[in-house]
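Values below: every heavy atom of this structure, side chains too, minus hydrogens, waters and symmetry copies. Positions are given from 1 along the sequence. Every value quoted in this text rests on a predicted model; they were computed, and no experiment measured them. Numbering of ligands and ligand atoms starts at 1, following listing order.
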Amino acid sequence: MTVATATARAAAAPISAAWSTATVEALFELPFADLLFRAQQVHRAHFDANAVQRSTLLSIKTGGCSEDCGYCSQSARRGTIEREKLLELDEVKVAAKAAKEKGASRFCMGAAWRGPKDGDLDKVIEMVRTVKDLGMETCLTLGLLGPGQAEKLAAAGLDYYNHNLDTGAEFYDLVITTHSQQARMETLIRVRDAGMKICCGGIVGMGESRRVRASLLAQLANLNPAPESVPINHLVAIPGTPMENAPPLDPFEFVRTIAAARIAMPTSWVRLSAGRHEMSDELQALCFLAGANSIFYGDKLLTTGNTEAERDEALFDRLGLKAV
Ligand code: SAM
Ligand code: DTB
Ligand code: SF4
């Protein structure tokens, strides 16, 4: 598909939309107990409410990114993180094996690129094959994809491509200036057209309004079909990034965001993603009650820490949650 056709389709998508920003915002406005009750009804109609999927992340190419995403430590403009080379295949295999032994069902590999060069893509495809051979599901997040790249990944058997819309369209250009949200839409269409599953969500806690959060969720729900996997990240405020002093988000507003995502995207896996390390067990339990049924599992996200696996195991035991 040409970019022009992809753009036209992306532009057309919201017209047939079932969710408006106002409808999602109305969910946020519900009394907390009513919102959680609705979210639980939807969750239980489509999923085992006691089952949580676990994905482990590995940064296969860290730092030195050309983009200027305001929340990210990996932009070359920040000097927040050392630029590293693409990992070797053996290093990836060791990490994936360890993740499998710890109980992760999916292995997600992330690269600090605007998008992959074809030579790099070939190396990453070898990584996908190696991880698949271990019997794990695979996910990649490499940035914007060019013509033919999604097809190559699909042919290699990649299960999911992660590419977030990150925030509501009206807030996007305040956070990122080096690429547009429309360009990300085009990559999502390429991924979908190549037959892969989409992992697409965003970040909250960047100083955006409730309306912007509702707008992001409406955009995600209207991708038609909605993404199979929806990561809801809480901003990890990283020193040296423009967002290091972002105003704190009310934790109940974060739970509301999860609940609204669950209601708007009934059959999607909603992942309680970045920011868990800073959350209490009780707040995480509320997120599971609100319909989150997936987490990043393992001691590290990409450049920042994640909740220790042992603490997750203990929480799963206390809540009677089982891993899937
Ligand atoms: N470069 C690729 C891209 O931008 O799509 C892949 C890696 S990028 C780090 C993947 C996602 O991580 C971003 O889209 C964003 O949603 C999330 N992310 C990055 N930094 C974050 C932070 N400080 N807090 C929360 N989420 C973050
Ligand atoms: C996603 O939505 N969140 C993950 C994954 N997809 C790639 C990344 C979170 C990054 C958090 C900040 C860091 O560790 O650098
Ligand atoms: Fe680069 Fe991705 Fe970070 Fe943006 S979010 S600076 S594209 S690594």
### Query
Less than 3.5 Å between some nitrogen or oxygen of Gln74 and one of ligand 2, yes or no?
no
### Query
Which of the atoms in ligand 3, numbered in the order shown and given with their element, are less than 4.0 Å from a heavy-atom of Cys65?
1 (Fe), 6 (S), 7 (S), 8 (S)
### Ligand-side contact atoms (ligand 3) for residue partner Tyr71, heavy atom cut-off under 4.0 Å
5 (S)
### Message
Heavy atoms only, cut-off 4.0 Å: how does Ser273 contact ligand 2, side chain, backbone, both, or neither?
### Response
neither
## Note on the structure
Ranked by distance from atom 4 (C) of ligand 2, the top protein heavy atom is Phe296 CE1, 3.6 Å
#### Entry: Any His234 heavy atom less than 4.0 Å to ligand 1
yes
### Message
Below 4.0 angstrom, counting only protein heavy atoms, does anything approach atom 2 (Fe) of ligand 3?
### Response
no
### Message
I need the contact type for Thr141 against ligand 2. Using non-hydrogen atoms and a strict under-4.0 Å cut-off, is it side chain, backbone, both or neither?
### Response
side chain
### Numbered atoms of ligand 3 (with element) below 4.0 Å of Ala112, judged on heavy atoms
8 (S)
### Task
Considering heavy atoms of the protein only, find what lies nearest to atom 3 (N) of ligand 2 and give residue, atom and distance to 0.1 Å.
Asn233 OD1, 3.0 Å
### Message
Under 4.0 Å from a heavy atom of Ala111: which atoms of ligand 1 are those, numbered in the order shown and with their elements?
### Response
1 (N), 2 (C), 6 (C), 7 (C)
### Query
ligand 2 versus Leu302, non-hydrogen atoms closer than 4.0 Å: side chain, backbone, both, neither?
both
### Query
Quick one: does Tyr71 get within less than 4.0 Å of ligand 2, heavy atoms only?
no
### Message
To check your reading of the model: name the closest protein heavy atom to atom 15 (O) of ligand 2, its residue, and the distance in Å.
### Response
Thr303 OG1, 2.5 Å
### Query
Does the shortest distance from atom 4 (Fe) of ligand 3 to an N/O/S atom of Cys72 fall below 2.8 Å?
no
### Summary
If we number the atoms of ligand 1 from 1 as shown, the ones under 4.0 Å from a heavy atom of Asp166 are 13 (C), 14 (O), 15 (C), 16 (O)
